[in-house]
Amino acid sequence: VGRGIPLRIYDPALNLAAVTGANKRAIDTKMPALASLLKSSLSEAVGQAGLVVVAQKCVPLEDLRQRLTPQHQILDVNGWKELSGLPARYQGFCW
């Protein structure tokens, strides 16, 4: 992010408005840009091309299938092998 690389994050379970206490202080001091990086929709986060890092199963596979294209690359750091059948280049990592 600090080098100008565009980054978008999608996590439907993460609600920054609900974060309090020490967690809120850590986010505010160590990750002040987090709120601007979080996207409210999968489509907005994935965009039309680029690298998609999948760290958890937070959306149905079919939702990804509808949005990913051959212009996307998937880096799977969770071991979700079914991602390899999507219309994007797939690479598993660290599992």
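Just so you know, these numbers use all the heavy atoms, side chains as well, and skip hydrogens, waters and symmetry mates. Computed from a predicted structure; not experimentally measured.
- Environment of CD in Gln48: sparse, with no more than 12 heavy atoms of neighbouring residues, nucleotides or ligands closer than 6.0 Å.
- Annotation: the span from Arg89 atom CZ to Gln73 atom CD amounts to 4.0 Å, rounded to 0.5 Å.
- Under the 4.5 Å side-chain heavy-atom criterion for Ile, Leu, Val, Met, Phe, Trp and Tyr, Leu16 and Ile9 are members of the same hydrophobic cluster.
- The heavy-atom pair separating Lys81 from Ser84 by the smallest distance is O-OG, 2.8 Å.
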Margin query: side chain to side chain contact (heavy atoms under 4.5 Å, CB included) for Val59 and Tyr10? Distances and angles first, verdict last.
Written below: CA-CA 10 Å; Val59 298; Tyr10 179 72; 3.3 Å; yes

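- Annotation: the span from Thr29 atom OG1 to Met31 atom CE amounts to 8.0 Å, rounded to 0.5 Å.
- Hydrophobic clustering (ILVMFWY, side-chain heavy atoms < 4.5 Å, transitive): Leu37 and Val19 are in one cluster.
- Put simply, the side chain of Val46 reaches to within 4.5 Å of the side chain of His72, judged on heavy atoms.
- Surrounding NZ of Lys24 are at most 12 heavy atoms belonging to other residues, nucleotides or ligands under 6.0 Å away.
- Residue Asp11 holds its CG atom at 9.5 Å from CG of Leu34, rounded to the nearest 0.5 Å.
- Interatomic distance, Arg8 CZ to Ser36 OG, rounded to the nearest 0.5 Å: 12.5 Å.
- Of the inter-residue distances, the one linking Asn78 atom CG with Lys57 atom NZ reads 6.5 Å to the nearest 0.5 angstrom.
- Linking Ile, Leu, Val, Met, Phe, Trp and Tyr residues whenever their side-chain heavy atoms come within less than 4.5 Å places Leu51 and Phe93 in a single cluster.
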Next item on the list: Evaluate the criterion side chain to side chain contact (heavy atoms under 4.5 Å, CB included) for residue pair Leu7 and Ile5; output intermediate values, then yes/no.
Entry: CA-CA 6 Å; Leu7 176 66; Ile5 297 170; 5.8 Å; no

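- Both Leu68 and Leu42 are part of a single hydrophobic cluster, where members link through side-chain heavy atoms under 4.5 Å apart.
- Tyr90 places none of its side-chain heavy atoms less than 4.5 Å from the side chain of Val54.
- A side-chain contact (heavy atoms from CB on, under 4.5 Å) with Arg67 is found for one member of Leu64, Asp63, Thr69 and no other, namely Asp63.
- Taken to the nearest 0.5 Å, the CD atom of Gln91 stands 11.0 Å off from the CD1 atom of Ile74.
- Following chains of ILVMFWY side-chain contacts shorter than 4.5 Å, one can reach Ile27 starting from Leu14, so the two form part of one hydrophobic cluster.
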